[in-house]
Structures are given as structure tokens and as C-alpha cells.
Amino acid sequence: MNCIVCMTHVPDTASIIKIGPDGKHIDESGIKWIVSPYDEYALEAALQLVEAQGGEVTVVCYGPARAEAGLRECLARGAHKAVHVVGGEETLGDSMAIAKVLAAAVKDREYDVVLCGVKGVGTDNSQVPQMLAELLDLPHVTNVTKLDVAEGTFTAEREVEGGVEVVESPLPAVVAATKGLNEPRYASLKGIMAAKRKPVEKVEVSALGLDEAALAGAEATYSVRALELPPAKEAGKVIQGEDDPKAAAAELARLLRDEAKVI
Amino acid sequence: MAGILVFIEQRDGSIRKGSLQALSEAKRQAAAKGWPVAAVLPGSGISGEAAGLGAYGASKVYVADDANLALYSGEGYAEVVAKAAGQFEPDAIFFSATAMGRDLAPRVAARLGVGALADVTGLDLDGDQFVARRPVYSGKAFAVVDTAGKKPQVISLRPNVFALEQGEGTAEVVNLDGLSLSIRALVKEFVEKGGGEIDVAEAEIIVSGGRGMKGPENFAMLKELADLLGAAVGASRAAVDAGWIDHSHQVGQTGKVVSPTLYIAVGISGAIQHLAGMGSSKVIVAINKDPDAPIFKVADYGIVGDLFEVVPALIEEVKKIKAA
Ligand SMILES: Cc1cc2nc3c(=O)[nH]c(=O)nc-3n(C[C@H](O)[C@H](O)[C@H](O)COP(=O)(O)OP(=O)(O)OC[C@H]3O[C@@H](n4cnc5c(N)ncnc54)[C@H](O)[C@@H]3O)c2cc1C
Ligand SMILES: Nc1ncnc2c1ncn2[C@@H]1O[C@H](COP(=O)(O)O)[C@@H](O)[C@H]1O
């Protein structure tokens, strides 16, 4: 059971977002970068699969130089190999460009399953896994909260509005994990030490037969015109309800009915 | 031919509201340009629903009625949408950004060799190019984006953001045949959870509880308020992680993204990851004993007080309103 985990390296979800000087990207100063939280579920699922069934976990990331730290984190948690496709700053947010790069990076490797996170936090697209599956001509299942892998097939539960879909599929396939699938482990001290000795394979986009300038230019499928902060919200009406909660509740109900007209 | 094709989602033969919102928006956008609007409806035993989509703006509905399409499959549904796109040759394809729409739109886009704009909350036309606003960084910023000139422009619209408009008319129904439907990842069954109660992702009103609820038993109080309002019960991650309520109720970055008309946050501090899930709600109400809780910064209305006193009082007030 060989697993490929696609990992994207993103701003910590608690980061304060400021707009950079070009008005199209965030200001990266002071940002702490992390393994995208959903990718932690993907990695954990992969580690559990190989622990039970043998094989190797290879983590692949298409990202700039700093993404190596994210790959090291995955190695420290137990991944066997790391592949760093260097680049991605100009194609950020262009899911199709990213999927093309990842497809080229994984297509000749040995794998039974490609595990992704359901969403790369930040660009918040939830698109790369499905596009990758299409480009590799594989089935896909996203939003996965339960995964049982057998010889050549798997069953997954996929969370949707009002319930879950139970999906059966042959392998290889692309599976996108969400919260609920597992509890990701932390790196142990031993893992961190071992990770220092594991190599991170560096791959140039051009070595994959792709032209990053073209992916970000003539072949781009996503263009950011502007990045904006949300409009400042007017201060709301706050009612003191400590002394007389009944009066406060009556006032709130009146406002919701007569002013906001929502009840 | 220019025009907009809209993917219509159904479950058990009933058409989902989000799709009708997407269709209504397509009609509004197309009206300015005199473009035609068509819909594509995969499913099983759903042909009877097709003509009625005319009332929401579709002049033509491509129907794929096949037992193999009864339940969703990314591959099967992508084949249907791509086939309809091949016939209609739209400039844009709209989806509702539901679990199904968000799963399907990128697969369709990749099949057509284009990109996609996900979970859009605002839409304008610049010439024949859509300019979309979409929340990024968990709603801490908005990106104004387009498809860099690539067509068709595949766009998913966040549910409950675009108004549903019902008019009159019937659509011409076109049956899509000659489908190969090679489906590998097969949905074996849909297992309903929560006994048919309203899902937070689809609710018009949500009453959510956080760590301030103190224990699972107190969610009964929220359920009572929710039932009075025809609302769904939501929760913060703290409440879910404590095991007080199922994860399917969680709102936020690692839960569901919701856009109800009214969101009532009870005993929820308003952490950024929670705001990511409900920041686009139209009216936000906070009930919290801490006047400095960050939730008050996004709230339109708030009560500073003990939720164990305020919520029962609010239930009584809502009962009075509903009885009037
Ligand atoms: C990667 C990541 C993803 C996350 N995803 C999510 C997510 O999807 N959704 C989510 O919600 N969180 C998420 N979180 C967690 C988030 O950071 C917060 O920890 C969580 O939202 C806090 O929940 P809470 O507001 O219920 O609890 P608290 O922050 O503990 O707030 C409880 C509130 O209740 C109030 N209170 C207490 N008693 C009373 C009373 N008697 N009457 C009135 N008010 C009272 C308190 O004043 C306080 O404001 C995520 C965190 C991370 C790191
Ligand atoms: N640059 C990238 N490198 C590797 N994997 C990625 C990259 N971008 C996205 N992915 C994978 O696709 C998932 C969904 O990302 P997205 O579609 O961008 O929301 C992520 O959780 C990753 O598993």
C-alpha cells in the first residue's frame, strides 16, 4: 500500500491577514506557515494505512522554498519520502495549474492512493483533488470522514448536507480528507531526529515538462484582480442583559422582528 | 453560442434550493446580455421536474434520467454536465456551492480543460467575463477574481447568498442520451443523519451553541428555540470536541460554511475559525456574558448576559411573537 499525500503549506489559521503592496497578495511579513490542517488528516490516514498494510508514504508539495519546513514536519511525523516541486508563487490559487503540476509529479510514481486535504486553507478552493483525479483519470471521493481500504478497493464515507454518502471505489483513487477521519499525531522527538536524515527530493517544474511562466501566463485559469479586506462592519446594538434578562430578551425579539425583519 | 448553463442538484427527485438560487442568478446576469440560460439535471425518475425549471429562468433543460444517476457520482455527473456543455456551448457554467456542487464543478472544469471559481459570494460582468468575489483566508479577505479569459467559466455560488426568484414559464426538455456513464467511485447509499432535521448548511436560521453551554443537556434549550424559529442547531468546535453534539453541526473553518439570514451565537466567543464559517450570515446575534468577546465585533445585535437566563426568556418572547 503506497500512499501519496499532497500537502500545501499555508499561513497559520490564526494569522492576521494584511494586504501586500501589489494589492493582490497577502503581506507575508510576520506570517507563520503551517501544513494545511486538512492535509494533516490526509497524512495521518496514509500513515495508518502503511502501518497496517506495509508500503511507503510519499508527501508531495508544490510550493516555494519555505514549504520545505512543511515537508520536514511530515517526515517527522513518519512519512518516508518527501518531494518538493519548487515554485507556486505565481500560480497561487490557480487550482488547475496546481493540479497539472501535481499530476506530472506523481504520475510515474508507484501509488495505490493519493490522499489530499479537502481544502487548502487560505485560498479555500477545495478543487485541486478533483482536478488531479480527472487529469490522472482516477476516481475521487472528497469530504471523507471514514476510510476502509482493502485489496484494490476501498469504502469511504463522505459528509454531505443531512447525512453521509457511502462510496465504494476501486484503487488507485484520489481521496480528500476532512475533520473526523482521524486524530493527527504529533511528531515525536525521535521522529524529528530521524527526519533530519531523510532527504527531500527537489524537483523543478521544468523537469516535469511544464513551463511555470506559461502556467501563470497564457495558460492561467485564475486571475486575481484584487485582494481586499472585508468592509468594516458597523457596530451592532448591544443590550445589557445582566440585571434584567427578560427585558433584554424582549428588546432583542422586538428588534429581530421589527427592525431586522428576520423572525 | 454564449449563454449560461446551470447544474441542478436534486435528492430523491426533489430539487435543492441552492440550485434554484444559482439559476435565478444566471437569469439575472444573462438578462443584461440577452443570453439564453439552460439547466442540466442528472438523476433517476426526475424528468417530470425538468419543465418546471422554466419558472426560474431556464429556457432549455438537458435531462439525463438514468438509474445509474440516482445517487451522486463525480464521474457520472461530470460526464452529464460536460455533454450538456458540448451541446449548449455556454460561456459559463454555474453550480451551487453545496457539498455536491463543490465536488463536481472542479471535475467538470478539468474535463473541459479550464479552471473554476469556488464559493463565490458576489458576481459582476465585465464585458463577457465574470468578475467574482470570493472569501479567502477563512473570510479574513476577499479575492476579486476571474478565469483569466478561459471559457466556459465554471463558477460555484455560495448557497443562500443569491436570491431565489420564481416567475412563470416552462422550459424545453432535451434528453441527453448516448452517455457511457463509466462510474468507478459509486455511492452505494445515502445515510441520513440527524433524523431529517434541517442541516446547518441549508438552514435559513441557525441557533448555535459553544463552550458556554456547559454540557450536552443544555442543547435542549437551543433545540427548543430552533424549533420555534424553524431553525437548525449549530455548534462551535469546542462544543463538538467536548462531545456535546455531532460534528455535522459544527460551523467554522473545519466545519460547515453557512450563510443564513439569521445566526444566533450562544456562549460562543467568536474565534476567527468560527467566524470563517458564519461571517457571511446576513444578521448575526450574540448572547454572551463577556462584553469583550470577539463575537460582539461582528454581531448586529447582542445581549451581554448569562445565557441560562437570556435564552429561556428569549424562548418565551419568540413564543409570544409566533402566537400573535
Ligand atoms: C485549525 C483550527 C480549526 C478550527 N476550526 C474551528 C471550527 O470549524 N469551528 C469553530 O467553532 N472553532 C474552530 N476552531 C477552534 C477555535 O479556535 C475556538 O477554540 C472555538 O471556536 C472556541 O469555541 P467556543 O467559542 O465555543 O468556546 P470559548 O472560546 O471557550 O468561548 C465560550 C464563550 O462562552 C461564553 N460563556 C460562558 N458561559 C456563559 C454563560 N453562562 N452565558 C453566556 N456566555 C457564556 C464565554 O464568555 C465565552 O465567550 C479551530 C481551531 C483551529 C486551530
Ligand atoms: N501546492 C500544492 N501542493 C501539494 N498539494 C496541494 C497543493 N495545493 C493543493 N493541494 C492539495 O489539494 C488539497 C485541496 O486544496 P485546494 O483545492 O487548493 O483547496 C490540499 O489540501 C492538498 O492536499
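Numbered from 1 within each chain, the chains take letters A, B, ... in sequence-line order.
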Just so I understand: if I count every heavy-atom pair under 4.5 Å between each of B:Ile315, B:Val108, B:Thr147, B:Leu104 and chain A, which residue has the most? B:Thr147
Largest heavy-atom contact set with chain B, pairs under 4.5 Å, which of A:Asn125, A:Leu256, A:Asn143: A:Asn125
cation_pi(B:Arg102, B:Phe95) dist<6.0 Å, angle<=45: no
More than 12 heavy atoms of other residues, nucleotides or ligands under 6.0 Å from CG of A:Asp22: yes or no? yes
Could you walk me through whether B:Thr98 and B:Glu9 pass the side chain to side chain donor-acceptor pair (under 3.5 Å) test, one step at a time? CA-CA 9 Å; B:Thr98 57; B:Glu9 170 176 351; 2.6 Å; yes
Please look at B:Val200 and chain A and tell me whether the side chain, the backbone, both or neither of the residue comes under 4.5 angstrom of a heavy atom of that chain. neither
If you count heavy-atom pairs under 4.5 Å with chain B, which of A:Pro37, A:Ala14, A:Ala156 comes out on top? A:Ala14
Pick one of side chain, backbone, both or neither for B:Leu314, based on which atoms fall under 4.5 Å of a heavy atom in chain A. both
Relative to chain A, which segment of B:Lys289 carries a heavy atom at a distance below 4.5 Å: side chain, backbone, both, or neither? backbone
Does B:Arg134 come within less than 4.0 Å of A:Asp124, counting only side-chain N to carboxylate O? no
Chain A heavy atoms under 4.5 Å from B:Gln273: which part of the residue, side chain, backbone, both or neither? side chain
If you count heavy-atom pairs under 4.5 Å between each of B:Arg16, B:Arg107, B:Glu316, B:Lys193 and chain A, which one has the most? B:Arg107
Among side-chain atoms of B:Ser248 and B:Asp246, is any donor-acceptor pair under 3.5 angstrom? yes
Report yes or no: does A:Asp244 contribute a side-chain atom to a donor-acceptor pair with the main-chain N or O of A:Ala247 at less than 3.5 Å? yes
So which of A:Ser15, A:Pro245, A:Gly180, A:Ala260 has the largest heavy-atom pair count under 4.5 angstrom toward chain B? A:Pro245
Give, as side chain, backbone, both or neither, the part of B:Ala299 having an atom under 4.5 angstrom from any heavy atom of chain A. backbone
With a 4.5 angstrom heavy-atom cut-off, which part of B:Val131 approaches chain A: side chain, backbone, both or neither? side chain
Might you confirm whether atom NZ of B:Lys17 has over 12 heavy atoms from other residues, nucleotides or ligands at distances under 6.0 Å? yes
Can you tell which part of B:Asp119 gets under 4.5 Å to a heavy atom of chain A, answering side chain, backbone, both or neither? neither
Which of the residues B:Ser73, B:Gly115, B:Gly149, B:Gly305 is involved in the greatest number of heavy-atom pairs with chain A at under 4.5 angstrom? B:Gly115
Looking at chain B, which one of A:Ala133, A:Ala99, A:Ala249, A:Pro11 has the largest number of heavy-atom pairs inside 4.5 Å, strictly under? A:Ala249
With a 4.5 angstrom heavy-atom cut-off, which part of B:Lys150 approaches chain A: side chain, backbone, both or neither? side chain
Name the region of A:Asp137, side chain, backbone, both or neither, that has any atom closer than 4.5 Å to a heavy atom of chain B. both
Largest heavy-atom contact set with chain A, pairs under 4.5 Å, which of B:Glu189, B:Lys322, B:Lys256: B:Glu189
Could you look at A:Pro129 and say if it's the side chain, the backbone, both or neither that has a heavy atom under 4.5 Å from chain B? neither
Just by distance, with hydrogens left out, do B:Asp103 and B:Tyr77 show a side-chain donor and acceptor under 3.5 Å apart? no
Distance-only check: which donor-acceptor pairs under 3.5 Å involve side-chain atoms of residues 227-242 of chain A, not counting sequence neighbours?
from     : atom 1 : to       : atom 2 : distance (Å)
A:Glu228 : OE1    : B:Arg133 : NH1    : 2.6
A:Lys233 : NZ     : B:Val298 : O      : 3.0
A:Lys233 : NZ     : B:Asp300 : OD2    : 3.2
A:Lys237 : NZ     : A:Glu259 : OE1    : 3.1
A:Lys237 : NZ     : A:Glu259 : OE2    : 2.5

For B:Ser96 and B:Ser156, work out which heavy atoms get closest and say how close. C-CB, 4.5 Å
Pair count under 4.5 Å, heavy atoms only, with chain A: among B:Ala116, B:Ala105, B:Ser138, highest is B:Ala116
Where does A:Phe154 contact chain B at under 4.5 Å (heavy atoms): side chain, backbone, both or neither? neither
Using non-hydrogen atoms and a 4.5 Å limit, figure out which bit of A:Ala218 sits close to chain B: side chain, backbone, both or neither. backbone
Just so I know, are the side chains of A:Cys6 and A:Asp39 near enough to count as touching, which here means a heavy-atom distance under 4.5 Å? no
Show the atom names and distances, to 0.1 Å, of all donor-acceptor pairs under 3.5 Å that link a side chain in residues 163-179 of chain A to residues at least two apart or in another chain.
from     : atom 1 : to       : atom 2 : distance (Å)
A:Glu165 : OE1    : A:Arg158 : NE     : 2.8
A:Lys179 : NZ     : B:Asp241 : OD1    : 3.1
A:Lys179 : NZ     : B:Gln250 : OE1    : 2.9

For A:Thr13, is there any backbone N or O sitting under 3.5 Å from a side-chain donor or acceptor partner on B:Lys140? yes
Region of B:Val114 in contact with chain A, defined by heavy-atom distances below 4.5 Å: backbone
Chain A heavy atoms under 4.5 Å from B:Ile205: which part of the residue, side chain, backbone, both or neither? side chain
Are B:Phe296 and B:Val304 close enough that some pair of their side-chain heavy atoms sits under 4.5 Å apart? yes
Determine, stepwise, if the pair B:Arg184 / B:Glu75 fulfils side-chain contact (heavy atoms from CB on, under 4.5 Å). CA-CA 7 Å; B:Arg184 290 165 291 187; B:Glu75 294 159 279; 2.6 Å; yes
Any side-chain heavy atom of A:Trp33 within less than 4.5 Å of one from A:Asp12? no
Under 3.5 Å, is there a donor on one side chain and an acceptor on the other for B:Asp199 and B:His249? no
Is a donor on one side and an acceptor on the other found under 3.5 Å between the side chain of A:Thr153 and the backbone of A:Ala150? no
Looking only at heavy atoms and a cut-off of under 4.5 Å, which of A:Val141, A:Val10, A:Thr123 has the most pairs with chain B? A:Thr123
Among B:Lys320, B:Gln253, B:Glu204, which residue has the highest count of heavy-atom pairs closer than 4.5 Å to chain A? B:Gln253
side-chain contact (heavy atoms from CB on, under 4.5 Å) with A:Ile263: of B:Ile264, B:Leu229, B:Thr261, only one passes, and it is B:Leu229
Output all residues satisfying side chain to side chain contact (heavy atoms under 4.5 Å, CB included) with A:Ala214, sequence neighbours left out; order by chain, then residue number. A:Asp211, A:Glu219
Please classify the contact of B:Ile272 with chain A as side chain, backbone, both or neither, using a heavy-atom distance under 4.5 Å. side chain
Given heavy-atom pairs under 4.5 angstrom as the criterion, report whether the side chain, backbone, both or neither of A:Arg225 touches chain B. both
Please look at B:Val154 and chain A and tell me whether the side chain, the backbone, both or neither of the residue comes under 4.5 angstrom of a heavy atom of that chain. neither
Chain A contact via B:Asn288 - which portion, at a heavy-atom distance below 4.5 Å: neither
Contacting moiety of A:Lys24, where chain B heavy atoms sit under 4.5 Å: neither
Which atoms of B:Ile303 approach chain A - backbone, side chain, both or neither, heavy atom under 4.5 Å: both
Considering only heavy atoms, give the residues of residues 87-98 of chain A separated from chain B by less than 4.5 Å, sorted numerically, with 'none' for an empty result. A:Leu92, A:Met96
Ignoring hydrogens and angles, tell me if any N or O in the side chain of B:Glu202 forms a donor-acceptor pair with the backbone of A:Glu161 under 3.5 Å. no
